[in-house]
Amino acid sequence: MRIVVLAGGVGGARMADGFARAVLPEDLTVIVNTGDDFEWHGLLVCPDLDTVMYTLAGIANPETGWGIQGDTWGALEMLGRYGGETWFRIGDRDLATHVYRTFLLRQGLRLSEVTARLCRALGVRAAIWPMSDEPVRTIVETEEGPLPFQEYFVRRGCQPRVRSFRWEGLEGARLSPEARAALEGADLVVIAPSNPYVSIGPILALPGVRELLQDRTVVAVSPIIGGQALKGPAAKMMAELGEAPSALGVARCYRSFLDGFVLDRADAALAPAVEAMGIRPLVTDIVILDPSARARLAEEILRWVAS
Ligand code: FO1
């Protein structure tokens, strides 16, 4: 069974890790949001790609979910002494990823090719592809005006109220050829428990992706439990956009192509409403902090889809 996971953020990386533990590497492709990418002191940083890559390589920082375990901050401290901005915390080892990625891009490689090289070097055997080789940048329209994603997320700690989102560069962007081939050949597409607006939204905004999903078996895992996001601002964003923050609201975002929806036991009461939308519900434990829980959830989803 060829599985494609659509992922962004720490929740996406953890779900991808679960499938990496449950299936053969050649059967797994992870398509990752690049709307969070940005230029940091002249280097291209791809936080979601790196979070998935480090998690599958077994070197992610287990406390934050992003960055590298045991990383140090010497370069950042020195940058601060020069008067450079240090609100986005890049560790010393993580820095090497951005230096080398930017170097390879300047040699003319596509972001997909660069990502494949980095993954190979770190021993990651499943395929990880950026959603697009062309730059797409999430802009958060807030009540204080437009903010580039990381300015909103890290610098402003998600404080300004959200009005809407837009994606710079979308008109010139397309699904990367590798990601398209994987989706076309997928037996199952899993939308990870990622933020539906800023992690999955950019992937779905690419031309042709929603149409491709309509022809495939697609299941999504809720990033919301009991009205709270497992991590990050998804529930806050839903409330500010006038949508009740609940797993049901997430199912609604995907309803035009969704076949199944996985909710936590705490939200079992919502299952009939999911079914009423014509979507098959699976109620189980969806907190996947540790690797064994990730693998268990992935295996349970595979058994459920097969049945
Ligand atoms: N998140 C933070 O909240 N603060 C940081 O300083 C920060 C640095 C960082 C560096 C590299 C990286 O790959 C991710 C980093 N993140 C940080 C996480 C990142 O902003 C978010 O995970 C995503 O962009 C949201 O999906």
Side-chain angles (χ1 to χ4, degrees), residues 5-17 30-57 59-77 79-80 84-102 111 114-115 118-119 122 124 128 130-131 135-140 147-160 162 165 167 191-204 223-224 229-237 289:
V5 177
L6 304 187
V10 172
R14 289 180 175 150
M15 190 71 265
D17 189 37
V30 191
I31 299 176
V32 183
N33 169 43
T34 54
D36 296 9
D37 296 7
F38 74 121
E39 285 251 332
W40 185 86
H41 299 284
L43 304 175
L44 179 66
V45 178
C46 304
D48 284 1
L49 271 177
D50 293 343
T51 300
V52 174
M53 180 172 77
Y54 295 154
T55 303
L56 266 58
I59 61 169
N61 179 331
E63 273 139 47
T64 54
W66 50 265
I68 297 176
Q69 181 161 36
D71 215 343
T72 51
W73 307 98
L76 200 73
E77 274 162 30
L79 194 62
E85 287 189 346
T86 56
W87 54 267
F88 196 81
R89 298 184 57 75
I90 296 283
D92 295 331
R93 290 179 196 173
D94 191 21
L95 180 62
T97 305
H98 317 308
V99 168
Y100 198 53
R101 171 190 293 126
T102 307
L111 183 59
V114 174
T115 306
L118 299 176
C119 285
L122 293 181
V124 175
I128 301 177
M131 64 183 202
V136 175
R137 299 292 173 260
T138 300
I139 306 294
V140 186
L147 288 173
F149 181 77
Q150 297 297 347
E151 297 250 351
Y152 162 82
F153 190 85
V154 175
R155 191 173 202 174
R156 301 295 312 278
C158 308
Q159 277 310 308
V162 170
F165 306 95
W167 289 283
I191 301 185
S194 302
N195 186 308
Y197 305 112
V198 291
S199 294
I200 304 300
I203 306 177
L204 299 181
I224 305 268
L230 281 165
K231 197 173 186 341
K236 178 178 181 285
M237 286 175 172
L289 290 179

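As the structure lists them, so they are numbered: ligands from 1, and atoms in each ligand from 1.
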Residues in side chain to side chain donor-acceptor pair (under 3.5 Å) contact with Thr55, at least two apart in sequence or another chain = none
Given side chains that start at C-beta, do those of Leu49 and Leu111 come closer than 4.5 Å, heavy atoms only?
-> yes
For ligand 1, run through the N/O pairs with the protein that fall under 3.5 Å and put one pair on each line.
from, atom 1, to, atom 2, distance (Å)
ligand 1, 1 (N), Trp66, NE1, 3.4
ligand 1, 6 (O), Arg89, N, 2.9
ligand 1, 20 (O), Gln150, OE1, 2.9
ligand 1, 24 (O), Asp36, OD2, 2.7
ligand 1, 24 (O), Gln150, NE2, 2.8
ligand 1, 26 (O), Asp36, OD2, 2.9
ligand 1, 26 (O), Asp48, OD1, 2.9

What pair of heavy atoms forms the shortest contact from Trp40 to Phe88, and how long is it?
-> NE1-O, 3.5 Å
State which residues pass side chain to side chain donor-acceptor pair (under 3.5 Å) with Arg101; sequence neighbours excluded, sorted by chain then number.
-> Asp50, His98
Mind checking side chain to side chain donor-acceptor pair (under 3.5 Å) for Glu85 and listing every partner two or more places apart, or none if nothing turns up?
-> Trp87, Arg155
Just checking, any donor-acceptor pair under 3.5 angstrom between side chains of Tyr152 and Thr138?
-> no
